[in-house]
Each structure stands twice: as structure tokens, then as C-alpha cells.
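Only heavy atoms go into these numbers, but all of them, side chains included; no hydrogens, no water, no symmetry mates. Residue numbers begin at 1 in each chain, while the letters A, B, ... track the order of the sequences.
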Amino acid sequence: MRYFPLSTNQHQRSFLSSLAPNSTFLKTLCSNGRLKEALLEMAVQGLQVEFQEYDTVLNECVSQRAVREGQRVHAHITKTCYHPPLYLWTRLIVFYTKCDFLADARKVLDEMTLRNVVSWTAMISAYSQRGHTSEALNLFIQMLRSGTEPNEFTFATVLTSCIGPEGFYLGRQIHSFVLKRNFESHIFVGSSLLDMYAKVGRIHEARGVFECLPERDVVSCTAILSGYAQLGFDEEALELFRRLQNEGMVPNYVTYASLLTALSGLAALDLGKQVHSRTLRFKLPSYVVLQNSLIDMYSKCGKLTYSRRIFDSMIERTVISWNAMIVGYSKHGMGREVVELFDFMNLENKVKPNSVTFLAVLSGCSHGGMEDKGLEIFNEMTEGKYGTKPEMVHYGCVVDLLGRSGRVDEAFDFINKMPFKATAAIWGSLLGACRVHSNVDIGEVAGKRLLEIEPENAGNYVILSNLYASVGRWEDVRTIREFMKEKVVVKEPGRSWIEIDQILHTFHASDRSHPRREEVRTKLKELFVKFKEVGYVPDLSCVLFDVDEEQKEKILLNHSEKLALAFGLITTSEGSSIRVIKNLRICVDCHNFAKIFSKVYGREVSLRDKTRFHRIVDGICSCGDYW
DNA sequence: ATAGGGTTAG
């Protein structure tokens, strides 16, 4: 092997050309990656450089991401060519977009006197891929106005920019374009189209497009699968995955990541483990995205040690890896670990915390008994220490932090001084604090504001009524109940489930479909009597229906989490822990019930709420009775 | 010369 000195001369020229007799000297230099010398050669040749040679040099600049060299080629072209061909300009656009110089790319496009579908699409794609959705859409419209006919590439890329309500409006119009040109069955366009529908929440339309595809591949299958998973149709996602696999789909790491999202939602630990071992068997473990979703899956199944093991084994971590792990600790009320990991993240200083990180850290501090630390971090954020300014949600966390440490008045002041108008979530958090710290005056204000914003949410009435009941204001309890009757819309019925031998058993207050339902009810009645003997008092203020006390007890006994707990007791071996998941917030009475349950039977109960975990051991809950 | 699916939070 012979190495050449940096400068070029006639001798090398003939030698290099002899290596590849059909190509020019410039092309040969490029194919050897010797870009600097190619530029020198270009300068020497001046006007004699041919268009295809510029093309080759620019191509090499793209693959080396050589910004300055590419800019020099651009300057050279401008100086020496009278009428450069279209494809050369387009190559320049591609070069600039690949180097993240979008403004320069756009300038080239704007200055072109003649554009074709490729030059437009290259620019639209650059905007889309970087999330500049409105620029992408505007450019697409400009393209249509100019009379250029979009092709399958254009449709596939522009549809990824159709996000949110306006995106749906435009996306639907694009869909009709696509239909007219008969591109709906094109696999790239079709996947993009169905993904668009899924992302704006139109899962039926998405499924329709998917079912009409004449052929499918992993990408289109993963798109529809992740659509179901992201919209929370977890069972449907799982079922679809099984069907597609039977039909011959070969999943890849993206497919598994999406599937794991559904399994996280279901807290289906056994299935999650199966997916994990399959990815190991297929040697897929080093994809960060996949590891991130494994961390999340284990954490949402209550297995934080498994999550941490994956986290620690990672060679490369993104901000999502850190967030997933911190969120895990946060939801388990492990404040010390939250702060420890956050400090470690800043110390390592490889990835910067973002808005999600702070959300997890602040709420983790709040739920994990680290209120002062949380307030300190919020103040540091405000001072600009992290380069991320607090947003609305972070202000909400502060209300929670203050409320939890009993500083309800301060929390109220804080809300009044915020640069935002308080949301329902913020008033809700203040109301929660008032319930725990029995502050009726502020609680009343918070409750009324909350009912103004969210009159349809039944949970709000329950908490306010709990508060009135706790100080014996029965008249107000009654008023609230009357008020509720007119306004409440039942959005989501409460349901709980438990995984036994890879099967999810779901319970629902009014549903009689579980095969062992009667057995469960008998067991539950037995527990009710037994627990009352050791001090359990049903908290009737958790029932807002206007019925007599005996009826109220019956209603409480029928709550789905109690059914799932009783089923767990029947079906699992003595002393083993029980994992129950509930789709809504757990009520005070069920919480008490679970605490006594854990004490009487010596079982660890892990109860996953809509927002967090309650790990109950020997009658004591990790949430500290504040949630 | 231009194209589709992904992980955290809410």
C-alpha cells in the first residue's frame, strides 16, 4: 500500500487515474475520501470542472458532513457556472439540509429559477424531519401553488408534519389528494397516512388505511401498533401484535418498543419479560430506544430493581433513559433516589435535563418527602442554572410541594402570583393538600374554582365532599351532592386488574363477567367482617350517591380494587406479594382497606394508581397517605 | 437527487 503526500501532482494524478480508468481525477480523489485535495484540484481546474464532478464532490461532502468544503464547492459553482443544471442545485439543497444548515438550503431553493418535485421534496423533508412542521406544510402549499405535482415521496414526508387539530384538517385534505392520485395503497404513503390518523387520535381511520394496504411490512405494522399503544388501547395493541405475528410479520426493535408501551400500560410483567428475553435472543439489546422502553415497562410493573439493572448496563443513555428511571423512582415515592439520580445526571453532564426531567424530579421530591430539596431545585431553575425555565407544570409541582409540607397558605399565595392562570390540576392539588391538612377555608376556594373549570369530573366532588365531611359540615356535603347530580359526566368507569400466570383478570364494579366473581364476592364479604374486627371503618364519605348507610357500605365493597385484591388472595400462594393496577385514582376507603389487608395477611401489596404506586407493607403505605 | 414506524411526561 502506498500513501500519498498531501499535495497533488502530475505523477499522482496519473497513478490515481490508473486505479480507476473510467473516472476523472476528481472523482477518484472523492472515492478515496480525499476531500481537501479534491477542492484544491477543483480550484486548479477552475472553469474546466464538469457538472457531474461537482455532483460527486458534493456527494462526498454530504457523507463526510464536511460543511466548509461544501460551502466552497457552492461558491465555486456560483462563480464559474453560467447555467448549472437543476440536479446540481438540488444536490446543494440536500447537502445543506444533511448538515443542518436549513436556512442555507432554503436560500438555494428560493433562488432557483426552475424547481422540480425533488428539490421541493428535499426541502419539505428536511423541515419535517426536524420538527419544523409549519414550515414544511407552508412549503408544501407553496409547491402546489407553483404547479408542481407532488409524488409519493412528497406525500410520505409531508404527512409526518400533519400534527394536532390543524394538522388533521390538512391531513384529511392531503388524504383526498392521495386518493385521487391512487397513492393510498403505496406502502410508504399508506404508512405515513395511517400514522397521521393515529397521531391525531383517529384510530379507526388509521385502521381503515392499514386494512386497505395491499402489502404490509414491519414499518406499516409498527405504525398501527404504536397508534393503538399510544392512545392507550393496550389490549387491542397486544391482540393486534399477536395477529400480525401469526400472519408473518417479523418484528424489529421499534416494534418491540411499541409493544412494550402497551405492556407497560397493562403492567403485564410476565409478557414483558417474554419480550425482553426475545430481544436478547435476537441480539437486539443495545438499541437505546428499546432499553428505554424496557426500563419503563419494568418500572410500571413495580420492578424498579430490574429497571435499574438495565439502566446501569447501558453504554449510551439519552435524556429519555434518565427520565424513565427518574419517573420510576418518583412514582414509587422514592425521593432520595430521585435526587441522587438527578445529581448524578448533572455530574456526568453528558445529557441535559429537559422539561420532563424536572417534572419527574419535582413531583418525585413532593411524593418522596423531599419538599425542601424540590423547592431548591425549582428556585435554581428560575435563576437559570439549568438553561430550562420552569413551565406551567413545574409551577404546579411547587403548589404540590408547598401543600404537602403543610404550607397551604403559601401554596395559595404562590398560585395567585404565578405568571399563568391556574389549571384544574393545580387547584386539584391545592384541594388535596387542604383535605390532608384540614384547611377548609382555602379548600373551599380551591374546590369552587375546580368545579368551575371541570364540572364534569366526579373525583373533584368527592374530594371537596370529603373535606366538608371531615369537619362535619353535612349541609355542604349535601349541596355538593345535589350539584354533582346535574353536572357529572362519567368518562371512564373504574376498573382494576391483576396478572395471574400471564393472564390479566379485570374487575369492574358493575360487571358480572368474571367467571369466579361469586367466589370473589364471598371472600370479600368475609374480609369485610374480619377487618372490621381489627379496626377497619368503612369511609362512607367516599360514596356520593344519596343512599342509606347500608347501601353505601355495599357500594364501597364493590369497588374494583377490592375485588382484585380478594381475587389475588384466593389465587396466589401464602405470603407472596400482590400487584393490582387501577385505571383511576384510588379512593381513601380502598386505601385503608389495602393497608389492613397487608397487615392481616402479611402480604406486600403493590397498587398502581392512575398516577403513582402505593407500596403497602405491614399496614404502611409508601405514599404516606397523601396522594 | 427526494420517502414511512420508536422510548420518558400529560
Once you round it to whole Å, what is the distance between P of B:dT8 and CE of A:Met297?
-> 12 Å
Pairs under 3.5 angstrom only: tabulate donor-acceptor contacts from the side chains of residues 156-166 of chain A to other protein residues two or more places apart or in another chain.
unit_1, atom_1, unit_2, atom_2, d
A:Thr160, OG1, A:Thr157, O, 2.7
A:Ser161, OG, A:Ser128, OG, 2.8

Value in whole Å for how far the P atom of B:dG10 lies from CG of A:Asn354 | 13 Å
Evaluation steps, side chain to side chain contact (heavy atoms under 4.5 Å, CB included), between A:Ser293 and A:Leu290 = CA-CA 5 Å; A:Ser293 44; A:Leu290 185 55; 4.2 Å; yes
Separation of A:Tyr329 atom OH from B:dA9 atom C1', in whole Å?
-> 18 Å
Classify every nucleotide of nucleotides 2-7 of chain B by which part a protein heavy atom approaches to under 4.0 Å, writing B for the base, S for the sugar-phosphate alone and - for neither, in 5'-to-3' order.
-> BBBBBB
Base, sugar-phosphate alone, or nothing: which one does A:Asp55 contact when heavy atoms must sit under 4.0 Å apart?
-> nothing
A:Ser622 and A:His332: CA distance, side-chain angles, deciding distance, side chain to side chain contact (heavy atoms under 4.5 Å, CB included) verdict | CA-CA 7 Å; A:Ser622 61; A:His332 280 81; over 6 Å; no
Between A:Lys610 and B:dA9, does any side-chain N or O lie under 4.0 Å from OP1 or OP2?
-> no
For A:Gln52 and B:dA1, give me the distance from atom CD to atom P, rounded to whole Å.
-> 11 Å
What pair of heavy atoms forms the shortest contact from A:Ser220 to A:Phe210, and how long is it?
-> O-CE1, 3.6 Å
Which whole-number value in Å describes the distance from A:Asp400 CG to B:dG10 C1'?
-> 14 Å
Near A:Lys352 NZ, under 6.0 Å, is it more than 12 heavy atoms from other residues, nucleotides or ligands?
-> no
When the distance from CG of A:Asp609 to P of B:dG10 is rounded to whole Å, what number comes out?
-> 12 Å
Test ring pair (Phe, Tyr, Trp, His ring centres under 6.0 Å) applied to A:His394 - qualifying residues, sequence neighbours left out | none
